[in-house]
S.K.: 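Before we start, here is the structure in question, set down as structure tokens.
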Amino acid sequence: DHPELFARAGDRRASALTIVDNYRAANDPELYLAKLNPQHRYYRGLKEALPHYRALARDGGWGTIEEDGPALHPGDREKRVPQIRKRLAVTGELAGTDLDSDVYDESLEMAVEQFQLFHGLAPDGIAGAKTIAEMNVPAPYRVRQIEMNMERWRWMSHDLENPYILVDIASYDVQGVVDDQVQIEMRAIVGKLHHETPIFSDHIKYIEFNPYWNLTPSIARHETIPKLRNNPNYLEEKHIRVFDGWGHNARELDPHKINWKKVSNPGHYKFRQDPGPWNALGTMKFIFPNEYSVYLHDTPNHELFKKAERDFSHGCIRLSKPSQLAEWVLALNDSDWNMEKIEDVLDSQKRTVKNLSRPLAVHLTYETAWMDGDSRLRFAPDIYGRDSRLEKALYK
């Protein structure tokens, strides 16, 4: 009935008067109002989960588990075990068992693992202090958490484009999406506190294989120079070269001829790490030029992806499966680059740049209630402390 009105309504920059005029002109005002909200899978999934959690909160939520006491392991018998059983029965992780049993059996272990997995905890099946504290988060707060993250989605452009890559900073997760369906998903490492990964949208323009790593002036000043003062061979050991500037014609310098103890601000030097297994960026990086100088990239430290909390970087996003993402991205560009060619280029250890014929949308977001690739609701830790500020703004 007025599809052009719906298109304009989806623009969050439309004025209140325009929205009122469009509402009055619409043949189906209720549908018009529904179209004002984002229509993508992430907002839709939260909207579908919200009534269930509101009902849980209305019905009293779930009981509180006593937090005093040691961690509970499979095989333990303890008075808190029935409390955990009843708690997990309310939200569906545990079903069909004796809820009054005080035995921490295999079925409860599996239920605890599932709860941990869907709440950003290490899924070890042990009910320790962090797990019990997470179980004790009250149902009304979970309602607010879903509502707050729906609000975050309203702030963004409602058109995420098709296809696109979505980075959820809080959940350490990266998804590749086509036609509103997740086709590839992987773990990520994001910026630590005080080196927070920023929130914005852009387009990936190219992939760089076997990249150089140009150290930022901040890293050079606070990390590289102090290490170099203690170890004159530090740059050679890390395969880092130093140049007399950042231009293309900058001359390479002999680091042993520079008195680093007198260098307090190394900003006019460029430190560049050569491609190779030692490179901090790993084997590739996905570039979307931006004011924050952040990008997606590989890492030589893949053991960090085993951790539940993965805020270790200086702001960039490290990928657990960079080659698979490169293959997926290049396939979207009708490229003749398959996994075999990617591996050949990586084996050469020569810096190679592959431009994308169609730049790919990438969205860096911060969602503490989110939908995974299988459309399951998950909760994530508020690693940057933003939920408390948003809660204060919306509810107090």
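For the numbers below, each heavy atom of this structure counts, side chains included, while hydrogens, waters and symmetry mates do not.
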S.K.: Any ion pair linking Arg251 and Asp244 (charged N to carboxylate O, less than 4.0 Å)?
M.R.: yes
S.K.: For the pair Glu93 and Arg85, find out whether any cationic side-chain nitrogen is under 4.0 Å from an anionic carboxylate oxygen.
M.R.: no
S.K.: Should Arg44 and Asp180 count as an ion pair when the cut-off is N to O under 4.0 Å?
M.R.: yes
S.K.: Is the closest side-chain donor-acceptor distance between His314 and Glu223 under 3.5 Å?
M.R.: yes
S.K.: Can you tell whether the side chains of Glu327 and Lys321 come within less than 4.0 Å, N to carboxylate O?
M.R.: no
S.K.: Does Glu303 pair with Lys306 as a salt bridge, N-O distance under 4.0 Å?
M.R.: no
S.K.: With a 4.5 Å heavy-atom cut-off, do Arg77 and Tyr104 have their side chains touching?
M.R.: no
S.K.: Run the salt-bridge test on Asp173 and Arg378 with the 4.0 Å N-O cut-off and return the result as yes or no.
M.R.: no
S.K.: Taking the six-membered ring for Trp, are Phe115 and His119 parallel (under 30°), tilted (30 to 60°) or perpendicular (over 60°)?
M.R.: parallel
S.K.: Are a donor atom and an acceptor atom from the side chains of Trp278 and Gln273 found within less than 3.5 Å of each other?
M.R.: no
S.K.: Is the ring pair Tyr366/Tyr384 parallel, tilted or perpendicular, if the boundaries are 30 and 60 degrees?
M.R.: parallel
S.K.: Hey, are Arg152 and Asp387 close enough for a salt bridge, meaning a charged N less than 4.0 Å from a carboxylate O?
M.R.: yes
S.K.: Give the C-alpha distance, both sets of side-chain angles, the deciding distance and a yes or no for ring-ring contact (aromatic ring centres under 6.0 Å, His included) between Trp370 and Phe118.
M.R.: CA-CA 10 Å; Trp370 60 288; Phe118 283 79; 8.7 Å; no
S.K.: Thinking salt bridges, do Lys35 and Glu30 make one under a 4.0 Å N-O criterion?
M.R.: no
S.K.: Salt bridge or not between Lys79 and Glu66? Use side-chain N to carboxylate O under 4.0 Å.
M.R.: yes
S.K.: Taking atom types as modelled and ignoring hydrogens, do the side chains of Gln324 and Trp328 form a donor-acceptor contact shorter than 3.5 angstrom?
M.R.: no
S.K.: Testing Asp168, Asn149, Asp382 one by one against Thr368 for a side chain to side chain donor-acceptor pair (under 3.5 Å), which residue passes?
M.R.: Asn149
S.K.: Would you check, one step at a time, whether the test side chain to side chain contact (heavy atoms under 4.5 Å, CB included) holds for Arg142 with Arg54?
M.R.: CA-CA 9 Å; Arg142 292 302 186 200; Arg54 282 177 171 168; over 6 Å; no
S.K.: Look at Glu78 together with Arg80 and state whether they make a salt bridge at an N to O cut-off of under 4.0 Å.
M.R.: yes
S.K.: Can you name the one residue among Arg351, His239, Arg241 that meets side chain to side chain donor-acceptor pair (under 3.5 Å) with Asp274?
M.R.: Arg241
S.K.: Between Glu208 and Lys285, is there a salt bridge with N-O shorter than 4.0 Å?
M.R.: yes
